[in-house]
Amino acid sequence: MIHDLWLVPAFPLLGAAILMISAGRLPSRAVALVGVVPVAVSAIVSAIIGIGFMAAPPSGHAFTEILWRWIAIGGFRPAVGLYLDPLSLVMMLVVTIVGFLILLYSTEFMAGDEGYSRFFAYMNLFVSAMLVLLLASNLLFLYVGWEGVGLCSYLLIGFWYQDAANGLAARKAFIVTRIGDTGLMIGLFVLFTHLGTLDIQPLLHRAASVWPHGSAIASLATALLLIGALGKSAQIPLQTWLPDAMAGPTPVSALIHAATMVTAGVYLIARMHGLYMLAPAIQMTVAAIGAATLFVAAFAALNQHDIKRILAYSTVSQIGYMFLALGVGAWTAAIFHFMAHAFFKALLFLAAGAITMRLEHHEHDIFRMGGLAKKLPVAFWSFLIGSASLAALPLVTAGFYSKEMILSETWAHGGAVPILWAAGLVTAFVTALYIFRAVFIVFFGEAKTPIVGRYGIRIVLPLAVLSVLAVIGGFVETPNGLGGVTIFSRFMGSVFGPAPLAAGATETALLVFASLVSLSGVGLAWLLYMRPAPRFAAWTQTPSVVAWRAFFLSGWGFDVVYDRLVVRPFLYVVRINRHDAIDDVYTGIAEASRGLHRLLKLTQTGRIRWYAGWLAAGSILTIAVAVIR
Amino acid sequence: MMLVWLILIPLLGGLLAWPAARLRAAAARWVSLIAMALDLLVLLLVWLRHAGPIEITGGGRWIAMFDAPWIPQLGISLRLGLDGLSLLLILLTIGLGFVSVVISWTEIGERVGAFHFNLLWTIAGTIGVFLALDLFLFFFAWEIMLVPMYFLIALWGHENRIYAAIKFFLFTQGSGLLMLLAILALVFVHQRTTGTLTFDYFRLLGTRMSPSTEMWIMLGFFIAFIVKLPAVPFHTWLPDAHTEAPTAGSVILAGIMLKTGAYGLLRFVVPLFPLAAIRFAPIAMLLGVIGIIYGALLAFGQNDLKRLVAYSSVSHLGFVLLGVFAWNALALQGAVMQMLAHGVSTGALFIMVGALQERLHTRDMRLMGGLWANMPKLSAIGMFFAIASLGLPGLGNFIGEFLILIGTFRVYPAFAVVGTLGVIAAAAYALILVQRAFHGPPRDAVAAPDLRARHLAVMAALTVAIVYLGVYPQPVFDMASGGLANLQTATHGVLKLAEGDPR
Amino acid sequence: MSPALRASLPFLVLSAAIVVVMLLIAVRRDHRMIATVTAIGLLASLAAIIAAAPAAPVAVTPMFLVDGFTLFFLALVLVASVAVVLLSHAYLDGTHDGPYDEYYLLLLLATLGAGALLASVQFASFFLALETLSIALIGLIAYPRGRAGAIEAGIKYLLLAGVSSAFLLFGIALIYLDFGTMSFAALGRLWSAAHGPTDIYAYTGFAMLLTGIGFKLSLVPFHMWAPDIYEGAPAPVTGYVAVVSKIGVFALLLRYFVLMDGYHDPSLLRVIALVAILSMLIGNLLALLQDNVKRILAYSSIAHLGYVLVALLAGGVIGIEAASYYLAAYAVTTIGAFGVVAVLSQQGSLHDTDRLDAYRGLMWTRPWLASAFTAFLLSLAGIPPTMGFIAKVYVMTSGVGTLLIWPLAALVIGSVIGLYYYLRIIVVLFSPVRDAEPLPPKAGVSWAGGLTLAVLVVLLIGLGVYPTPVIALAHETTAGLMPHQKTIHTAEILPTR
Amino acid sequence: MTTIPLDHVLILPVLLFALGVIGVLVRRNLVFILMSIEIMLNAAGLMFIIAGARWGQPDGQVMFLLVLTLAAAEVSVGLALIIRIRHRLTTLDSDAADLLQG
């Protein structure tokens with residue numbers, strides 16, 4: 001079965017192709033079928049392959065399949081090939097399963113949209129591209145998937161194309177990520193030029209043997225790859241596109257901008273971790289960026305009104321955790337958190353979608369919701385479970401175990417001043433605060449917007465499954481104090497090496513401490529938003545606090561800075577040179593010729609004496625030239 | 001002899017198409033299609049039936065060769081040769097020739113015969129350029145291809161066609177004269193050292209001359225070719241010519257004719273003047289990089305859809321210039337691929353613009369917007385090719401750009417890095433095109449039929465081509481490698497001399 | 001038959017034709033007959049060249065030399081004259097402004113003068129031949145007495161040609177004063193051997209001689225008459241002035257310059273280079289925005305003579321070959337271009353059809369004629385597949401071979417400017433007919449005119465694609481002019497490794 | 001016979017020629033222009049005679065005869081044309097004949 005690995009990305013591609021070629025002429029029932037079944041089949045194939053892999057791992061715990069020789073020019077021989085190891089297997093399973101659930105959800109969520117067929121075409125294309133990204137055995141082929149998911153992201157953010165704002169958001173997403181992609185591309189140049197291959201595994205082996213630890217060239221290459229990862233995963237300084245990307249339909253946000261695509265950067269670094277271990281400075285940078293991002297984004301999330309923007313900043317922040325984990329060498333923890341995050345963030349988005357689709361005018365502002373707990377119990381419970389997992393409520397949520405693993409490994413790595421760990425801890429508190437702020441505001445208090453419609457099974461089922469996953473997904477890896485399950489890290493061991501063992505006593509202390517932090521975040525949210533004290537309300541209105549809130553609302557002002565520094569100068573240059581200044585040179589030459597013509601034409605007076613005069617003058621001129629030397 | 005037929009068939013087809021139009025307009029179109037089909041057939045026959053490569057000492061291996069005296073007094077002969085490089089480009093030429101005839105089916109309504117005559121003669125001239133191995137013959141074909149193109153623009157173009165046509169002609173002819181001077185200078189230098197007066201490409205290869213002479217003569221060729229390519233600062237004819245030309249004219253111009261400039265650089269500039277080319281490479285590549293960025297910036301600023309596409313060509317062809325002067329296998333293969341992919345993708349974009357103009361009677365994007373609602377097929381296809389043109393992996397343009405950049409990176413990393421930044425700008429202009437034309441709120445005034453079957457078929461073919469180039473390009477590389485090896489054998493010995501060259 | 005007699009056979013036939021035509025006119029005025037006899041006379045002379053060729057080279061008295069060079073250009077002159085006769089017949093016929101018969105007489109006389117120029121190797125014969133040519137031309141130019149323009153052109157040509165002749169004569173006299181010989185060949189020996197380059201009389205004389213010749217060739221700065229005379233003269237005569245008279249004078253200049261061995265005197269080369277550069281640039285610039293077709297062609301012919309001067313400057317076998325081919329191409333093209341104007345015009349009207357507006361949309365009303373005109377214009381612009389292309393390449397070849405950097409630069413710039421105005425005409429030809437000025441009511445092109453143009457187009461394209469015959473002929477016949485110069489003479493400026 | 005230095009002899013024809021040129025340039029009457037041209041031609045003729053004398057050859061005088069012939073021919077044609085001009089323009093002012101220009 002493992003030899004049929006190519007089927008996994010092929011099915012969604014086929015689905016996309018069918019939908020595109022049919023050009024919207026299929027009935028919507030058929031569209032739904034063609035839209036969902038390929039991904040479902042992919043999920044099933046993935047699952048079978050996964051079970052097979054775990055039951056009887058191939059030699060070296062990895063499987064490579066070359067589909068065809070893509071390019072062969074001299075020593076440059078990238079192939080279209082797939083590579084399956086525990087890392088890509090986990091990612092593949094998450095993508096196909098979550099993807100399937102979201103697509104199923106979408107068949108109902110998107111019903112009646114005029115672009116129904118187009119939506120599923122793009123989504124299928126996305127799933128396929130994402131699988132290519134994950135499974136590629138070669139960096140160039142990986143880059144195909146990498147840009148492919150970016151394209152689909154662009155297409156889906158701007159899905160409702162009639163609103164120009166959506167188009168703007170889509171372009172912003174594409175161009176900002178492409179800035180990162182450019183870094184990745186140059187990274188590929190560096191890697192190929194110095195290592196002579198882009199096949200990932202040989203490349204990693206060669207790098208390890210050729211480049212000494214901490215060498216400059218390794219730093220350069222990893223830094224360039226990091227730029228790519230930052231763009232895709234919306235980390236500082238390229239994070240600004242993700243909140244705007246919420247312009248797309250909610251299932252898109254769930255699948256692309258939460259569960260899968262935005263974690264491609266994490267995957268890339270994890271995949272290339274061998275290189276990063278050669279460049280400790282850059283690896284430290286990864287951690288620092290992750291820490292900064294998770295902190296910054298959490299505060300931004302704290303002040304949003306739009307339910308999807310809260311989740312978007314939350315996503316940025318959670319990926320920050322993964323980067324932090326990568327930066328401290330906690331590879332397994334990063335992937336573990338990726339998986340947990342995929343479950344609970346997809347759940348949150350789908351639940352948010354389930355809310356907004358039932359509200360009149362598809363209301364997104366949390367302050368215009370309220371009291372929905374009773375009216376929309378399905379959405380409420382799903383959102384609550386998702387929030388609990390995001391806030392890492394102890395013991396019962398997947399988010400708890402994955403975040404715990406990150407924090408404890410960061411602590412272990414932290415050295416004298418555990419500032420990274422501190423940032424993670426503070427943010428854990430803020431995370432609990434902002435998500436439960438949303439929970440309390442949306443689901444409790446007075447109802448402000450009327451409810452319409454009802455849910456079908458295709459909405460409820462994905463929510464239910466994801467809720468379950470958001471709870472039990474963490475039990476594959478638990479701390480020593482809580483059973484010490486190590487299924488996940490053992491499975492990943494063939495990729496990342498054996499997991500470091502944290503000191504028992506410290507670990508337990510940290511565990512308790514972090515649990516308390518999360519809980520206190522929830523508690524504070526309860527205090528502030530369920531039992532609002534007048535003094536708190538007054539404090540929020542003081543000028544400095546208002547200014548800070550506005551600053552956080554705008555996502556720490558990155559957009560403004562970029563607008564001034566990059567966008568406006570670019571537009572200015574374009575505007576002043578719209579008519580191509582170089583052309584003026586040629587126009588000038590032409591004009592000069594015309595002027596000369598007019599001047600010379602004046603000499604042609606038609607008078608005999610004048611002509612005779614010139615004849616004489618010409619003769620004198622020639623005499624002068626001939627005689628004088 | 002088969003090679004001669006490759007040129008003769010479109011010439012005769014053109015002569016036949018003109019009177020045929022007197023009977024019925026469709027007759028001229030069918031004659032043109034049949035001529036193209038016959039040409040394709042001949043090309044395939046030459047390719048498939050050749051017994052084995054023809055070895056030319058110092059000139060590599062060739063698929064087919066033809067030689068007959070023409071003006072023996074001046075050492076001029078009718079020497080034609082086909083190798084992988086020319087075969088690919090001729091294939092592109094014939095392919096886009098088909099496309100041009102088909103898309104003109106409804107667009108060109110008057111003087112149909114004359115139109116097809118000019119179309120076929122341009123194609124014949126282009127094929128001649130790709131085949132000629134005698135420098136005089138090359139120049140002859142070079143000129144021949146321009147005249148009908150001039151008429152295509154001047155007679156069937158849009159509002160400002162006369163200005164554009166004359167500008168096109170003056171630029172290309174003026175630079176052509178420089179090239180002629182350079183050709184003649186080369187021939188005389190060769191005569192001085194060897195005593196024979198000849199325009200034969202193979203005999204002129206490896207002509208010994210002083211560095212300054214070599215540089216001057218090379219510059220003559222170089223300028224002619226980069227005017228055609230076009231590279232900044234000689235590009236300004238291109239937006240006008242493209243914008244004003246009829247759709248088929250734009251397709252031929254962008255798809256094929258610009259490639260003759262690149263072909264000239266590949267076939268002549270570097271092999272004939274390897275040392276000068278190496279010394280000059282940084283400047284040439286700088287021009288390429290400037291072209292990439294400058295073209296992209298200008299493309300972004302245009303309101304006229306066709307001008308946008310035209311400036312995007314400036315940007316794309318900047319990559320080719322970069323690739324040619326990087327002169328290693330990767331960059332050269334990239335340049336060839338970029339030429340093919342650009343031919344297909346830009347051709348398709350011009351067809352899209354032409355179809356829009358036929359429907360909306362404007363190319364101004366300020367008057368468009370929201371076309372997707374009314375013309376989903378056209379819009380989807382337009383978007384596809386816009387995305388191809390921004391270099392999406394999996395499509396041909398990406399392969400070309402990537403190979404060029406990775407090849408360049410080995411020689412001049414800085415240029416490669418700046419060129420890569422151009423890819424960002426490409427995203428900016430391609431997406432603004434999509435936004436302004438297809439997305440946004442639909443306008444009431446815009447109610448026109450979507451693409452019809454004929455256009456759809458053409459677009460489908462081009463789509464398949466661009467995907468093929470992106471997904472399974474190896475046959476193209478295999479084909480081109482023969483030709484590129486020919487070029488590189490010509491420079492091999494000399495490049496060895498230039499010490500420390502990392503190629 | 002002595003070789004000298006045999007060699008001068010074409011001239012004798014031509015002279016006989018003059019007498020016959022004169023007598024016929026006295027007997028009976030019949031336009032068609034006279035024209036036919038004239039054409040036959042010219043063709044007979046052409047045929048006589050074949051008979052004369054084996055005898056060449058031979059000196060016919062010390063004043064004339066009949067060699068391959070003479071015969072090649074004589075053939076060219078005769079072919080051009082025949083074409084002009086055929087075009088003239090169509091042009092003159094159909095109006096009742098006669099008599100036309102003396103026209104042909106003048107034409108024959110002028111042709112004889114041009115022919116004699118080709119054989120001249122001495123100043124006296126040169127002068128005689130030149131004046132025969134130019135006096136006959138005055139008559140031709142002013143022939144349509146009813147036209148104000150023609151009379152004005154006639155008097156202008158008369159007076160200015162008189163002035164230029166005076167310069168020419170004075171120059172010859174100075175040269176004679178300095179060297180004491182009027183033979184070109186003897187001059188060549190003396191100029192390079194005995195005399196130092198300081199001799200002011202000789203140089204002044206040469207410059208004044210060049211003034212006279214430059215006037216006839218309408219080279220800048222002696223060019224001003226050309227457009228006025230071209231515009232005023234009847235179209236076939238304009239063609240004749242532009243082609244036959246210029247070929248005659250240019251061939252003479254070429255022979256003179258080669259025989260006197262001017263290539264060793266940088267002063268002379270410098271003067272000619274200056275004139276050439278000025279002609280190429282100013283001639284083309286003057287034509288740039290003209291909207292009279294005949295004037296455009298006049299200015300363009302100024303430039304074209306500048307181009308041929310580059311070949312003259314280059315010298316050597318290849319230079320003479322280049323000049324020969326160029327003049328052949330120029331003859332075919334220019335006669336053709338003026339032929340188109342001629343078949344569209346009639347003597348009877350007040351002026352020829354020469355306004356650019358009158359040609360608007362000609363392609364769609366008279367496609368064949370317009371196609372022919374386009375071909376001629378492309379040839380003038382030097383675009384393949386026409387003779388003009390090969391000619392330009394040839395001239396550039398000679399120039400590159402001798403590294404005439406500045407003349408070549410002027411040639412390139414001039415050509416680009418030239419393209420612009422040739423294209424302007426073509427654009428007008430192809431533009432839609434909407435607001436076209438109605439053409440003169442003429443049913444169609446006469447068979448003679450049509451045939452002439454057709455033959456010219458065939459020659460133009462045929463010899464443009466396969467120029468070998470003309471080149472071979474030019475090589476065999478004219479190379480003898482420079483037997484002692486086998487290779488390029490200019491010092492090596494391009495260093496070789 | 002005393003020899004007059006060459007340079008001195010030349011003064012006369014040069015002066016004559018210059019006079020002729022000036023005449024052409026300053027006189028507007030066509031007849032006078034024609035006459036000035038004759039003066040120029042005769043200056044050239046004189047020069048031929050001087051040159052012939054210098055070398056003791058008859059060629060100079062022969063040329064002078066030829067020049068005279070030319071002058072006569074030119075005057076005859078010229079006068080005929082001048083009559084036509086007078087007929088048409090009712091003036092002999094050369095500047096009036098500028099129909100053709102530009």
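Labels below follow one simple rule: chain letters A, B, ... track the order of the sequence lines, proteins then strands, and each chain is numbered from 1.
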With a 4.5 angstrom heavy-atom cut-off, is it the side chain or the backbone of B/Phe171 that approaches chain C, or both, or neither?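 For B/Phe171, neither part sits under 4.5 Å from chain C.
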With a 4.5 angstrom heavy-atom cut-off, is it the side chain or the backbone of [X] that approaches chain B, or both, or neither?
X	result
C/Thr374	side chain
C/Ala472	both
C/Ile390	side chain

Let's go through B/Phe169 and C/Tyr422 carefully: what are the C-alpha distance in whole Å and the side-chain angles of both, what is the deciding distance for ring pair (Phe, Tyr, Trp, His ring centres under 6.0 Å) to 0.1 Å, and is it a yes or a no? CA-CA 11 Å; B/Phe169 208 72; C/Tyr422 296 126; over 10 Å; no
Distance from [X] atom [atom1] to [Y] atom [atom2], nearest 0.5 Å?
X	Y	atom1	atom2	result
C/Leu411	B/Leu180	CG	CG	9.5 Å
C/Ser431	B/Ile162	OG	CD1	7.0 Å
C/Tyr394	B/Leu74	OH	CG	4.5 Å
C/Leu423	B/Lys167	CG	NZ	15.0 Å
C/Met396	B/Leu177	CE	CG	5.0 Å
C/Ile417	B/Leu170	CD1	CG	10.0 Å

Determine the minimum heavy-atom distance between B/Ile71 and C/Pro467, stating which atoms define it.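 Distance-wise, the nearest heavy atoms are CD1-CG, 3.2 Å.
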Could you report the tightest heavy-atom contact between C/Pro384 and B/Glu143, atom names first, then the distance?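 Smallest interatomic distance, heavy atoms only, reads CG-CB, 3.1 Å.
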Can you tell me if B/Arg279 has over 12 outside heavy atoms packed within less than 6.0 Å of its CZ?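 Result for CZ/B/Arg279: enclosed.
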When you look at CH2 of B/Trp216, are more than 12 heavy atoms from neighbouring residues, nucleotides or ligands closer to it than 6.0 Å? no
C/Phe430 ring center near B/Tyr150 ring center (under 6.0 Å):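 No, the ring centres sit 6.0 Å or more apart.
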Taking the six-membered ring for Trp, are C/Tyr420 and B/Tyr163 ring centroids under 6.0 Å apart?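 For C/Tyr420 and B/Tyr163, the ring centres are not under 6.0 Å apart.
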Quick one, C/Val393 and B/Phe140 - any side-chain contact, counting heavy atoms below 4.5 Å? no
How about C/Ile318 and B/Phe188: do any of their side-chain heavy atoms sit closer than 4.5 Å? yes
At a heavy-atom distance under 4.5 Å, which candidate from C/Val412, C/Thr397, C/Ile426 has the highest pair count against chain B? C/Thr397
Among the listed options B/Gln173, B/Arg111, B/Glu110, the residue most often paired with chain C at heavy-atom distances under 4.5 Å: B/Arg111
Has the side chain of C/Thr468 got a donor or acceptor atom that lies under 3.5 Å from a matching backbone atom of B/Trp70? yes
